[in-house]
There are 2 protein chains.
Amino acid sequence: MIKDDLDWKILEVLQQNSRTPYAVIGREIGLSASAVAERIQRLEDSGVIEGYATTINLKKAGLPLSAYISIQVQKTNHATFVSYIKEFPEVIQCSRVTGKDCLIMKCALKDSSHLANVIDRLAVYGDPTTLVVLSEVIRNGMICKEIIELAAALEAGDMPD
Amino acid sequence: MIKDDLDWKILEVLQQNSRTPYAVIGREIGLSASAVAERIQRLEDSGVIEGYATTINLKKAGLPLSAYISIQVQKTNHATFVSYIKEFPEVIQCSRVTGKDCLIMKCALKDSSHLANVIDRLAVYGDPTTLVVLSEVIRNGMICKEIIELAAALEAGDMPD
DNA sequence: TTTGAAAGAGACCAAGT
DNA sequence: ACTTGGTCTCTTTCAAA
């Protein structure tokens with residue numbers, strides 16, 4: 001799906017700014033704008049590129065408080081709870097995970113009473129554990145070739161036959 | 001910064017697809033393309049719009065495994081650790097939070113031995129707790145006006161003078 | 001697959017309502 | 001603050017190597 005380093009470079013540029021003109025990308029990696037367009041089209045069609053998003057500054061949007069809330073939901077209630085939390089616009093991220101607390105969510109909030117309200121509404125399904133975000137160290141880390149390479153290097157050395 | 005409902009609608013469209021043509025946005029909300037452009041420019045200048053990103057499908061990029069790793073770092077080592085984890089390309093998200101484990105990270109990984117390696121490298125600074133992601137319930141929840149309204153409704157009713 | 005050129009669409013700028 | 005019209009740039013498509 002990702003064929004070579006040029007694909008990776010295109011993806012890296014697009015992750016930083018999805019509206020970079022194809023001609024500019026082409027200049028950076030030594031390709032014509034149409035070649036870039038074709039590659040991007042392929043990456044879209046194959047599903048590597050899922051979409052183009054816009055990052056909103058939560059503070060400036062009036063939501064200066066964030067929190068991770070994890071909750072333990074019985075497996076019988078799992079499907080019900082999943083459709084329930086989809087009604088919460090505050091929940092901007094939600095993953096099912098291993099461990100006792102089987103769902104971990106990230107919420108965008110106005111203030112502490114807003115947080116209290118969300119916790120109360122979630123508490124119907126289980127006992128929520130809350131971690132208030134003090135600062136964001138890394139917001140949207142880039143998916144880059146380097147990650148794959150690090151993982152590949154492990155296989156070569158760490159697991160002798 | 002966000003003036004009215006039209007700004008919110010523009011932000012909602014852009015969050016779903018940052019490359020939506022201004023004319024299309026204008027058609028949806030009843031404005032000319034130039035008016036839309038002006039508003040977007042204002043939202044960029046005021047910092048409400050932080051940037052335009054591209055969402056990569058981690059599975060298709062060769063990183064089918066994700067995990068939340070939290071770690072307890074002494075406050076004396078905090079700054080050192082923060083610059084240390086910035087060298088980890090696997091860490092795609094990192095927040096400083098309240099609670100005993102003061103940093104929570106999300107990692108993109110190739111496989112379990114890759115995960116083991118990341119845990120080992122992090123363990124230098126503290127005892128990491130790992131939660132493997134089983135599925136993503138909500139990926140990039142939209143920041144919308146509704147969140148603000150829910151919070152505002154609370155203030156009106158819940159806190160009588 | 002990539003390139004180059006041509007056509008169409010969109011973004012941008014300025015003046016006007 | 002929004003609209004209209006003109007201009008310029010970008011995307012897209014197609015033919016050819």
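A, B, ... follow the sequence lines: proteins, then strands. Residue 1 opens every chain.
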Legend entry - Short N-O contact, A/D4 and A/R39, less than 4.0 angstrom: yes

Take atom [atom1] of [X] and atom [atom2] of [N], then tell me their distance rounded to the nearest Å.
X	N	atom1	atom2	value
A/R27	D/dT9	CZ	P	12 Å
B/L14	C/dA11	CG	P	11 Å
B/D4	D/dA1	CG	P	10 Å
A/I25	C/dT3	CD1	P	14 Å
B/E38	D/dT3	CD	C1'	10 Å

Inset, instruction - Measure from the side-chain N and O atoms of B/K110 to the backbone N and O of A/A152, and report whether any donor-acceptor pair falls under 3.5 Å. - result: no

Legend entry - Nearest-nucleotide 5' precedence on DNA chain C, A/L31 against A/R19: A/L31

Inset, instruction - Kindly determine whether B/R121 and B/E90 satisfy side-chain contact (heavy atoms from CB on, under 4.5 Å), including the steps that lead there. - result: CA-CA 12 Å; B/R121 283 187 284 153; B/E90 293 97 338; 2.9 Å; yes

Checking contacts here: which listed nucleotide ([options]) is nearest the side-chain heavy atoms of [X]?
X	options	value
A/A35	C/dT1, C/dT2, D/dC10	C/dT2
B/Y22	C/dA11, D/dT3, C/dT1	C/dA11
B/S34	C/dT3, C/dG10, D/dG5	D/dG5

Inset, instruction - Could you check whether B/R42 gets within reach of a base, just the sugar-phosphate, or nothing at all, counting any heavy atom under 4.0 Å? - result: sugar-phosphate

Inset, instruction - Select base, sugar-phosphate, or nothing to describe what B/A37 touches, counting heavy atoms under 4.0 Å on all strands. - result: nothing

Inset, instruction - Please say which of A/T54, A/N57, A/T55 ends up in a side chain to side chain donor-acceptor pair (under 3.5 Å) with B/E50. - result: A/N57

Inset, instruction - Compare side-chain N and O positions of B/R39 against OP1 and OP2 of D/dA1 and report whether any pair is under 4.0 Å apart. - result: no

